[in-house]
Amino acid sequence: MNALPIGPNTKVTLHFALKLGSGDVVDSNFEADAAQFTVGDGNLLPGFEEALFGLIAGDEKSFAIPPEKAFGQPNPNNIQDVKRDEFAADFPLEVGLVIGFSDAAGAENPAVIRSFDDQTVVVDFNHPLAGETITFDVRIIDVAPVVTH
C-alpha cells in the first residue's frame, strides 16, 4: 500500500460523504465509484482539501468543516426581491424550490425561493449549505504523485 501522504502535487482517490449537523447526507459516493481529484485543481473546496493533508491510502476519518472553510456564511445581500412578473405566469413557484438564474456572463447560478406573493418573489442566492458545519467522512483509496512531463 502506498504511504505517500496527501499534500501538494498529489492525486487522490477517495470515497466521501457530506453530512449536515442533523446527520442528513447531502452527498456521498460510498455506494458508487470512488472520486479522484488533484490537490489544488479546484474540484474540492480548499477547506476540505486541507482537512485531508497528511492522510494516506487506507485512512478513514471524519472531519467537522466549519462554514468559513466550507460553503461560507449566508450574506444578506444575496437575498433579493424579484418582481413576480419576471417569472412566467404559469411558473409553479414554491417555497424551497431551487431554480437557476443566468448572470450577465451567461453562467447558471442556483437560487432558492424563500417567499412570494402576487408582487414579489424573495430569492436567496446564497449557497444552500451556507452557514452549515459540514461533517466530511472520507476513506482514502489511493494517493499518487502528480506526474508532469
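Note: hydrogens, waters and symmetry copies are ignored here, and every other heavy atom, side chains too, is used. As the structure is a prediction and not an experimental result, all values here were calculated from the model.
- Residues satisfying the side chain to side chain donor-acceptor pair (under 3.5 Å) test with Asp85, not counting sequence neighbours, are none.
- Within a 6.0 Å sphere centred on CD of Glu108, heavy atoms belonging to other residues, nucleotides or ligands number more than 12.
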Practice task
For Arg84 and Asp118, run side-chain contact (heavy atoms from CB on, under 4.5 Å): C-alpha distance rounded to whole Å, both residues' side-chain angles, the deciding distance at 0.1 Å, then the answer.
Solution key: CA-CA 6 Å; Arg84 173 62 178 99; Asp118 291 340; 5.8 Å; no

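- With rounding to the nearest 0.5 angstrom, the OG1 atom of Thr38 is 8.0 Å from the CG atom of Asn43.
- A heavy-atom distance below 4.5 Å is not found between the side chains of Val143 and Pro5.
- Of all non-hydrogen atoms in Ala51 and Ile65, the two that sit nearest each other are CB-CD1, 3.9 Å.
- Judged as a side-chain contact (heavy atoms from CB on, under 4.5 Å), and not counting sequence neighbours, the contacts of Thr135 are Lys19, Ser62, Asp137.
- Not counting sequence neighbours, the partners of Arg114 by the salt bridge (Lys or Arg N to Asp or Glu O under 4.0 Å) test are Asp124.
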In residues 23-36, what donor-acceptor pairs under 3.5 Å come from side-chain atoms, sequence neighbours left out?
from  : atom 1 : to    : atom 2 : distance (Å)
Asp24 : OD2    : Ser22 : OG     : 3.3
Ser28 : OG     : Phe16 : O      : 3.4
Ser28 : OG     : Phe30 : N      : 3.2
Asn29 : OD1    : Phe16 : N      : 2.6
Asn29 : ND2    : Leu14 : O      : 3.4
Asn29 : ND2    : Asp33 : O      : 3.2
Gln36 : NE2    : Thr13 : OG1    : 3.1

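- Under the 4.5 angstrom side-chain criterion for Ile, Leu, Val, Met, Phe, Trp and Tyr, the cluster partners of Val82 are Phe87, Phe91, Leu93, Val95, Leu97, Ile99, Phe101, Ile113, Phe116, Val121, Val123, Phe125.
- Cluster partners of Val122 are Ile79, counting Ile, Leu, Val, Met, Phe, Trp and Tyr whose side-chain heavy atoms approach within less than 4.5 Å, directly or via other members.
- The side-chain contact (heavy atoms from CB on, under 4.5 Å) test applied to Leu45 returns Phe48, Phe71, not counting sequence neighbours.
- With sequence neighbours excluded, the residues that form a salt bridge (Lys or Arg N to Asp or Glu O under 4.0 Å) with Lys69 are Glu50.
- Nearest heavy atom pair, residue His15 against residue Ile141, reads CD2-CD1, 3.6 Å.
- Sorted by first and then second residue, the salt bridge (charged side-chain N to carboxylate O under 4.0 Å, His left out) pairs with a member in residues 51-62 read Glu60-Arg139; sequence neighbours excluded.
- The shortest non-hydrogen separation linking Ile134 to Ala70 is CG1-CB, 4.1 Å.
- With rounding to the nearest 0.5 Å, the separation of CG in Asp142 from CD1 in Ile56 is 11.5 Å.
- Applying the side-chain contact (heavy atoms from CB on, under 4.5 Å) criterion to Asn77, with sequence neighbours excluded, gives Asn75.
- Cluster partners of Val98 are Val112, counting Ile, Leu, Val, Met, Phe, Trp and Tyr whose side-chain heavy atoms approach within less than 4.5 Å, directly or via other members.
- Between Leu20 and Leu129, the closest side-chain pair of non-hydrogen atoms falls below 4.5 Å.
- Taking CD1 of Ile6 as the reference point, atom CZ of Phe53 lies at 8.5 Å (rounded to 0.5 Å).
- Listed by chain and number, the residues in a side-chain contact (heavy atoms from CB on, under 4.5 Å) with Gln73 are Pro67, Glu68 (sequence neighbours excluded).
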